[in-house]
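In each ligand, atom 1 is the first atom listed, and ligand 1 is the first ligand listed. Computed over heavy atoms, backbone and side chain alike; hydrogens, waters and symmetry mates excluded.
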Amino acid sequence: MDSRVVGILGGGQLGRMIVEAANRLNVKTCILDNPGSPAKQINAVVEHINGSYSDTSSIEKLAAKCDVLTVEIEHVDVATLKSLRTKYPKLEIYPSPETIWLIQDKYRQKLHLIENGIAVAEPQIIESPSVETLKKIGNKFAYPYLLKARTLAYDGRGNFVVKSEESIPEALEFLGDRPLYAEKWAPFVKELAVMIVRSVDGKLYSYPVVETIHRDNICHLCYAPARVSDSIQLKAKILAENAVGTFPGAGIFGVEMFYMENGELLINEIAPRPHNSGHYTIDACVTSQFEAHIRAILGLPMPKDFSNFTVPSTNAIMLNVLGDNNNVNGELQLCKQALGMPGVSVYLYGKESRPKRKMGHINVIASSMEEAESKLQAIVTGNASSHD
Ligand code: ATP
Ligand code: MG
Ligand code: MG
């Protein structure tokens, strides 16, 4: 389909699913990550690079072997990516290093969105974290509020909910040694998300609006379509397109937002890559988010629209499979239950089982949300065999 080699910084589950989509189109991919990482396990076509996406020489080694670079994670060394433009003028990098730079620091990302007139939960920079500083923020924002690491955050691991003045010391102990900012609490009714694709010629396409449910800060379920009115779906799609429109470069973006009681929508954060809230697209849409990303960054033909489900009646729920808290590989029991259920697909990422680690996901497809929920219920309660 395309003889160019796509280099991917990061070889976790997102990289693995990009590789799967690329394989179907005969597109070669080369991975930079540790040996045996999930994406490398399923790709023996080229020799991969062992090393880190935050290490200059490893990134340079990857660039030397590839025509196009992309990322499965935003925590990469942007200065090195920028410097590659001089060394390899023909190399294409998507998302653009400027976009990754704006997004990888969550406070910088928020300022950028505010400057572009996009509504977000109010942020407050913290120059020197101390009990006094956090008390002042408590007076300004009221409690609870969020203390967030500006960089290297994922799955809520850089977040702390400051519930009251009393919890400030614990918050400082948890996050005190990282660059921080605070965020006003957003008392949302639901969390919504939209995957947006930008082609090399700058056209934006949106996937359906979905609803995500987090448990302990980690995405737990994703309902597609979101169970909100058509007008809110349209508003969410327009907001997501406007927000992504402010970041240059081709590729896919995951836009997370809060739907507030008064109908307002606030952007939570944007990921410049495939996203957990887009995993449902593998089974619910004709073109998955991973294939859309590959097509976008290679300038391959795009469909007129990504916003349709495979069939109009498609309703999907994605369940994240997290490492069992008590038994190594205990989560596989749930996956086996799911395999017995019609219209359900199981994806495992080839990772070593650890408590709360994202080990895989399950897509439940049905012709109504009630049916999807009933299948999901049967899977999690262990009654899948009685379901037809
Ligand atoms: P991800 O894995 O999505 O990258 P992350 O570590 O970047 O996660 P956030 O997206 O900032 O974390 O927050 C995780 C979750 O915490 C959100 O999805 C939401 O449920 C909750 N949350 C974050 N910010 C706020 C806020 N200002 N008000 C209320 N809840 C919030
Ligand atoms: Mg994040
Ligand atoms: Mg998030």
Atom 6 (O) of ligand 1: which protein heavy atom is closest, and how many Å away?
Gly156 N, 2.7 Å

Out of Ile213, Leu192, Val210, Thr212, which one pairs with Tyr223 under the side-chain contact (heavy atoms from CB on, under 4.5 Å) rule?
Ile213

For His279 and Tyr349, take the angle between the two ring planes, folded into 0 to 90°, and tell me which bin it lands in: parallel under 30, tilted 30 to 60, perpendicular over 60.
perpendicular

Taking ring-ring contact (aromatic ring centres under 6.0 Å, His included) as the test, write out the residues that go with Phe253, two or more places apart.
none

Is there a nitrogen or oxygen of Ala186 sitting under 3.5 Å from a nitrogen or oxygen of ligand 1?
yes

Residues Lys136, Glu127: salt bridge by 4.0 Å N-O rule
no

Take a 6.0 Å sphere around NZ of Lys190 and say whether it holds more than 12 heavy atoms from other residues, nucleotides or ligands.
yes

Tell me which protein heavy atom sits closest to atom 21 (C) of ligand 1, plus the residue, atom name and distance to 0.1 Å.
Asn217 OD1, 4.1 Å

Which heavy atom of Ala243 sits nearest to which heavy atom of Ile267, and what is that distance?
CB-CD1, 4.0 Å

At under 4.0 Å between heavy atoms, what of Ile218 touches ligand 1? The answer is neither

For the 3.5 Å polar cut-off, considering only N or O atoms, please tell me whether Asn159 and ligand 1 meet it.
yes

What do we get for Lys184 next to ligand 1 when only non-hydrogen atoms under 4.0 Å count, side chain, backbone, both or neither?
backbone

Smallest separation among heavy atoms of Lys375 and Gly343, with atom names:
NZ-CA, 3.9 Å

Which heavy atom of the protein is the closest neighbour of atom 2 (O) of ligand 1, given with residue, atom name and distance?
Asp155 N, 2.7 Å

Would you find a donor on one side and an acceptor on the other, under 3.5 Å apart, between the side chain of Asp155 and the backbone of Arg157?
no

I'd like to know if Tyr145 contacts ligand 1, where contact means a heavy-atom distance under 4.0 Å to any ligand atom.
no

So which of His48, Arg16, Glu20, Lys28 actually passes side-chain contact (heavy atoms from CB on, under 4.5 Å) with Asn43?
His48

Salt bridge between Arg4 and Asp2, side-chain N to carboxylate O under 4.0 Å?
yes

Within ligand 1, which atoms have a heavy atom of Phe188 less than 4.0 Å away?
20 (O), 29 (C), 30 (N)

Nitrogen or oxygen atoms of Leu146 and ligand 1 under 3.5 Å apart
no

Looking at ligand 1, would Gly158 count as a contact under a 4.0 Å heavy-atom criterion?
no

Would you mind checking which non-hydrogen protein atom is closest to atom 1 (P) of ligand 1, with the distance to 0.1 Å?
Glu269 OE2, 3.4 Å

Answer yes or no: does an N/O atom from Glu191 fall short of 3.5 Å to an N/O atom of ligand 1?
yes

of all protein heavy atoms, closest to atom 31 (C) of ligand 1 is Phe258 CZ, 3.7 Å

Which protein heavy atom lies closest to atom 23 (C) of ligand 1, and at what distance to 0.1 Å?
Lys148 NZ, 3.4 Å

Taking the six-membered ring for Trp, are Tyr347 and His361 parallel (under 30°), tilted (30 to 60°) or perpendicular (over 60°)?
parallel

Output yes when a side-chain donor or acceptor of Gln104 lies under 3.5 Å from a complementary backbone atom of Val76, and no otherwise.
yes

With the 4.5 Å side-chain cut-off for hydrophobic clustering, are Phe141 and Phe160 part of the same group?
yes

Under 4.0 Å from any heavy atom of Asn268, which atoms of ligand 1 are there?
9 (P), 10 (O), 11 (O), 17 (C), 18 (O)

Whether Tyr143 and Tyr145 hold their rings parallel, tilted or perpendicular, with breakpoints at 30° and 60°
tilted

Sorted by chain and residue number, which protein N/O/S atoms are under 2.8 Å from the Mg ion (ligand 2)?
Glu269 OE1, Glu269 OE2

Would His275 count as being in polar contact with ligand 1, using the rule that some N or O on each side must be under 3.5 angstrom apart?
no

List ligand 1 atoms under 4.0 Å from His214, heavy atoms only on the residue side.
18 (O)

So Lys148 and Glu269, salt bridge (Lys or Arg N to Asp or Glu O under 4.0 Å) or not? Walk me through it.
CA-CA 12 Å; Lys148 292 194 178 187; Glu269 61 168 344; over 6 Å; no

Counting from 1, what ligand 1 atoms have a heavy atom of Glu256 closer than 4.0 Å?
3 (O), 10 (O)

